[in-house]
Amino acid sequence: GPYEPLYTEYKVNELHVEGSIPRELKGTLYRVASNQQFEPLNPDKFHWFDGDGMVHAFRLEDGKASYSNRFVETEGLKVERGAGKALYNGIMGYSNTPQPPLPEGAPRIKATANINVIRLGDKLLAMHEVEHHYWELDPVTLETLGTFNFNGQVEGMLTAHPHFDSVTKEWIFYALDNENHFVECFSTDVDGTITARHRVPLSFTPWNHDVIFTRQHYIFFFGLISWRPWSGELIQKGKSSWFVAPDQDRNARILFVDRKTGEAIWLHPENSEYMIGHFLNAYQDEEDTIIDASTTPVSNAILQFNPSDYYPFPLVDGPSAFEQPQLWRFVINLRQGTVRHHRIGDFSAEFVRPNETILGSPHRYGYMAGVHDPKPESRGFNCLIKHDYQTGTTEFQHVTRELDLVVGEPIFVPHPEAKEEDHGWILAVWYHPLRNASELVILDATDFSGKPVARIKLDHHVPLGFHGNWIADR
C-alpha cells in the first residue's frame with residue numbers, strides 16, 4: 001500500500017502526462033518520505049515516523065516532467081548499510097527490544113532525515129527534528145554531500161519546520177534541547193547566516209513539531225506529549241522517546257517570544273486539551289493575534305497511554321487517545337491574556353499550507369489534505385481542501401469519485417505574474433490504490449474543484465511522506 005517502502009532509486013527522464021503542464025512552472029518539487037531500508041528490529045512495533053528518509057524530485061520544465069528519488073545517507077543509515085541490517089531502534093516507536101551494541105564511532109540514535117526538504121541559500125537541505133544538523137543534498141543527483149549546522153552556533157535539536165518571512169527576508173528557526181531544558185529561537189538571512197537568537201528556559205520536556213510567527217513574535221503551542229530522544233534511558237532500551245507522564249496536565253501551554261527582544265510571554269488556557277499538528281498562518285489584527293492551524297483534540301477516553309500507539313493514527317484496537325485533526329482558528333489577546341478558538345468546517349484536515357508569500361500577513365485562503373465524504377474502503381486523506389476565510393466557503397478536490405485516492409501535502413506555487421492571492425497552482429502527490437502507483441497532480445488554484453490541469457504519472461508508488469517544497473529555477 002501507500003506506506004510500503006520503496007527500495008529502488010529511479011531516474012525517469014520523461015513521465016507520462018495527462019493534460020498539460022503550465023510552461024510557467026520551471027523548477028523542482030522536492031518531497032521527502034519515510035522509507036525504511038532494512039527490516040526493523042521489531043517489525044510489528046515499527047512506527048511510520050521512523051523510516052529512513054528518501055527524497056523524491058519532480059522536475060518540471062518546458063511542459064515536460066522528469067523524476068528521480070534517492071535515500072538520504074544519514075550517519076545512522078551508513079552504519080546500517082555497513083552491517084547489512086538494521087541496528088537501531090526507532091525514535092518514536094518502541095520495539096520492546098534492547099538496541100544491540102553499535103560499532104565504534106556510530107551515533108547513539110539514528111536520525112532519519114525524513115520530515116522536510118528546503119533550499120537555504122544555495123544549499124538543498126533534508127531535515128529531521130532530532131539532530132543538531134541537517135543534510136545537504138545535490139539538487140540534481142540527490143546525493144548526500146554532507147551536513148549543515150549553522151557553523152555550530154546553535155545548540156539543540158533543529159526544527160524540521162522553518163518558515164520564511166517574505167517581508168523581512170528572514171528564515172524563522174528554532175532548536176529544542178530537552179536535556180538542558182531550553183528552546184532557542186533564531187532567524188537567519190536568505191543564505192542561512194544567523195541574524196538574531198533568543199533562548200527561553202523550559203520547565204518541561206515537550207515534543208514540538210511546528211512554529212509560526214507574526215511580524216513581532218515566534219509562537220509555540222506545546223501539547224501533552226513529552227519527548228526525550230537523547231536521554232539514553234528510552235530508545236536504547238526499546239522504549240519510545242515519546243511519553244505522557246502520569247500526572248501530565250493535558251492543557252496546552254502557549255509561548256510567544258518577541259523576535260527583537262526575546263521577551264517570553266506564557267499563556268496557560270483552561271480547557272485546552274488539544275495539540276497543534278501544523279500551523280497554516282498567524283498575523284496581528286490590532287490587539288488580537290489570529291492563528292489558523294490543524295488541531296488534534298485529546299480525547300478523555302484514555303488517561304494514560306503510549307502516544308506512538310495512537311499518533312498520528314491508531315495502531316492498536318480500542319478507543320483512540322486522539323480525535324481526528326481539525327481546522328481551528330485561534331484568537332489570542334496578549335494584553336487580556338485570553339485565548340479563544342473555534343472549529344472551521346466538519347472535515348478532517350492536516351498538512352495545512354497557505355500561499356507562503358504572505359506568511360505573517362492576513363490571508364484569505366488555506367489549502368490542506370483532508371477527509372471528506374469517504375468511501376467504505378478509504379484509508380487516509382482522500383481529498384484536498386481549499387477554504388476561503390473571507391466568504392466561509394470550502395471546496396474539495398478528489399481527482400476521481402470512482403474510488404478514493406490517497407493524497408499528501410498540497411504545495412501552492414504562485415503564478416509569476418500573480419495579481420490575486422490564489423493565482424497559481426496546487427501541486428500534490430496522490431497514491432492510486434488500484435495501480436499501486438503515484439502521480440503528481442497539478443490544480444489551478446482559482447478553479448480548485450475543477451478538472452486537474454495535469455496528472456503526471458509514475459509506474460511505481462511514492463510512499464506517503466510528510467513535507468516538501470517547490471523550488472523554482474533562479
(request) Run the salt-bridge test on Asp447 and Lys386 with the 4.0 Å N-O cut-off and return the result as yes or no. (result) no
(request) For residues Phe58 and Trp470, establish whether the separation of their ring centroids is below 6.0 Å. (result) no
(message) For His47 and Phe49, take the angle between the two ring planes, folded into 0 to 90°, and tell me which bin it lands in: parallel under 30, tilted 30 to 60, perpendicular over 60.
(response) perpendicular
(request) Mind telling me whether Tyr311 and Trp207 have parallel, tilted or perpendicular rings, with 30° and 60° as the class edges? (result) perpendicular
(message) When you compare the side chain of Ile276 with that of Trp328, does any pair of heavy atoms fall below 4.5 Å?
(response) no
(request) Please confirm whether Tyr67 and His460 have ring centers closer than 6.0 angstrom. (result) yes
(request) Verify, without hydrogens or angle tests, whether Glu439 (side chain) and His432 (backbone) share a donor-acceptor contact under 3.5 angstrom. (result) no
(request) For residues Phe243 and Tyr94, establish whether the separation of their ring centroids is below 6.0 Å. (result) no
(request) Using modelled atom types only, decide if a donor and an acceptor are shared between the side chain of Asp404 and the backbone of Glu377 within a distance under 3.5 Å. (result) no
(message) Is there a side-chain hydrogen bond (donor to acceptor under 3.5 Å, both in side chains) between Asp309 and Asn306? Walk through the geometry before answering.
(response) CA-CA 6 Å; Asp309 283 338; Asn306 189 325; 4.8 Å; no
(message) For a quick test of reading the model, state the closest non-hydrogen atom pair linking Ser361 to Asn281 and the distance between them.
(response) O-ND2, 2.8 Å
(message) Atom CD of residue position Glu18 - does it have more than 12 heavy atoms of other residues, nucleotides or ligands inside 6.0 Å?
(response) yes
(request) State, with a plain yes or no, whether a side-chain heavy atom of Ser438 is found less than 4.5 Å away from one of His56. (result) no
(request) Nearest 0.5 Å please: distance from the CZ atom of Arg353 over to the NE2 atom of His467. (result) 8.0 Å
(message) Please tell me whether His387 and Thr394 have a donor and an acceptor in their side chains that are separated by less than 3.5 angstrom.
(response) yes
(request) Return yes if a side-chain donor-acceptor contact under 3.5 Å exists between Asn355 and His423, otherwise no. (result) no
(request) Kindly assign one of parallel, tilted or perpendicular to the pair Tyr134 and Phe173, based on the angle between their ring planes and the thresholds 30° and 60°. (result) tilted
(message) Counting only heavy atoms from other residues, nucleotides and ligands, does the tally under 6.0 Å from CD of Gln153 exceed 12?
(response) yes
(message) Strictly distance-based, threshold 3.5 Å: is any side-chain N or O of Arg259 a donor or acceptor partner for the main-chain N or O of Cys185?
(response) no
(message) Measuring centre to centre across the rings, with the benzene-like ring taken for any Trp, is Trp135 within less than 6.0 Å of His133?
(response) yes
(message) Using a strict threshold of under 4.0 Å (side-chain N to carboxylate O), is an ion pair present between Lys169 and Asp189?
(response) no
(request) Mark yes when over 12 heavy atoms from residues, nucleotides or ligands other than Lys375 sit less than 6.0 Å from its NZ; otherwise mark no. (result) yes
(message) Can you tell whether the side chains of Arg228 and Glu233 come within less than 4.0 Å, N to carboxylate O?
(response) no
(message) Does any part of the side chain of Leu405, heavy atoms only, come nearer than 4.5 Å to the side chain of His398, both counted from C-beta?
(response) no
(request) May I have the step-by-step check of side-chain contact (heavy atoms from CB on, under 4.5 Å) for Trp230 and Asn178, ending in yes or no? (result) CA-CA 8 Å; Trp230 292 100; Asn178 282 345; over 6 Å; no
(request) Using atom types as modelled and distance alone, determine if a side-chain donor or acceptor of Thr144 lies under 3.5 Å from a backbone N or O of Val72. (result) no
(message) Please determine whether a side-chain nitrogen of the Lys or Arg among Lys110 and Asp52 lies less than 4.0 Å from a carboxylate oxygen of the Asp or Glu.
(response) yes
(message) Taking Gly450's backbone N and O only, do any of them form a donor-acceptor pair with Gln397's side chain (distance below 3.5 Å, no angle check)?
(response) yes
(message) When you compare the side chain of Phe164 with that of Val190, does any pair of heavy atoms fall below 4.5 Å?
(response) yes
(request) Without swapping roles, check the side chain of Glu9 against the backbone of Phe71 for a donor-acceptor pair under 3.5 Å. (result) yes
(request) Apply the test ring pair (Phe, Tyr, Trp, His ring centres under 6.0 Å) to residues Phe466 and Trp48: give CA-CA distance (whole Å), side-chain angles for both, the deciding distance (0.1 Å), then the verdict. (result) CA-CA 11 Å; Phe466 307 116; Trp48 177 41; 4.7 Å; yes
(message) If you compare all heavy atoms of Gly408 against all heavy atoms of Ala428, which two are closest, and at what distance to 0.1 Å?
(response) O-CB, 4.4 Å
(message) If we ignore hydrogens and angles and just use 3.5 Å, is the side chain of Glu80 paired with the main-chain N or O of Leu87 as donor and acceptor?
(response) yes
(request) On the 0 to 90° scale, with breaks at 30° and 60°, tag the Tyr174-Phe220 ring pair as parallel, tilted or perpendicular. (result) perpendicular
(message) Can you give me the closest heavy-atom contact between Pro452 and Val441, atom names plus distance?
(response) CB-CG1, 3.7 Å
(message) Assess whether a salt bridge exists between Asp138 and Arg70, defined as any Lys/Arg side-chain N lying under 4.0 Å from an Asp/Glu carboxylate O.
(response) no
(request) May I ask you to decide if Trp242's main-chain N or O and Ser240's side chain share a donor-acceptor pair within less than 3.5 Å? (result) yes
(message) If you compare all heavy atoms of Ala86 against all heavy atoms of Pro40, which two are closest, and at what distance to 0.1 Å?
(response) CB-CA, 4.3 Å
(message) Strictly distance-based, threshold 3.5 Å: is any side-chain N or O of Asn114 a donor or acceptor partner for the main-chain N or O of Asn35?
(response) no
(message) Run His363 and Asp292 through side-chain hydrogen bond (donor to acceptor under 3.5 Å, both in side chains) and show every step you take.
(response) CA-CA 10 Å; His363 61 280; Asp292 291 315; 2.8 Å; yes
(request) Evaluate the side-chain proximity of Gln36 to Asp50: yes if any heavy-atom separation is below 4.5 Å, no if none is. (result) no
(request) Evaluate the side-chain proximity of Arg197 to Arg199: yes if any heavy-atom separation is below 4.5 Å, no if none is. (result) no
(request) May I ask you to check whether Phe412 and Tyr365 place their ring centers less than 6.0 Å from one another? (result) no
(message) Looking at every non-hydrogen atom in both residues, tell me the closest pair between Leu458 and Val462 and how far apart they are.
(response) CD1-CG2, 3.6 Å
(request) May I ask you to check whether Glu395 and Ser449 show a side-chain donor-acceptor distance below 3.5 Å? (result) yes
(message) Treating Ser187 as the side-chain partner and Thr195 as the backbone partner, does any N or O pair qualify as donor plus acceptor under 3.5 Å?
(response) no
(message) Would you call the rings of Tyr310 and Phe305 parallel, tilted or perpendicular, taking 30° and 60° as the class edges?
(response) perpendicular
(message) Contact between Thr112 and Thr74 at the side-chain level, heavy atoms closer than 4.5 Å - yes or no?
(response) no
(message) Tell me if the CG atom of Asp459 is crowded by more than 12 foreign heavy atoms within 6.0 Å.
(response) no
(request) Kindly indicate whether the side chain of Val32, heavy atoms from C-beta on, has any atom under 4.5 Å from the side chain of Tyr30. (result) no
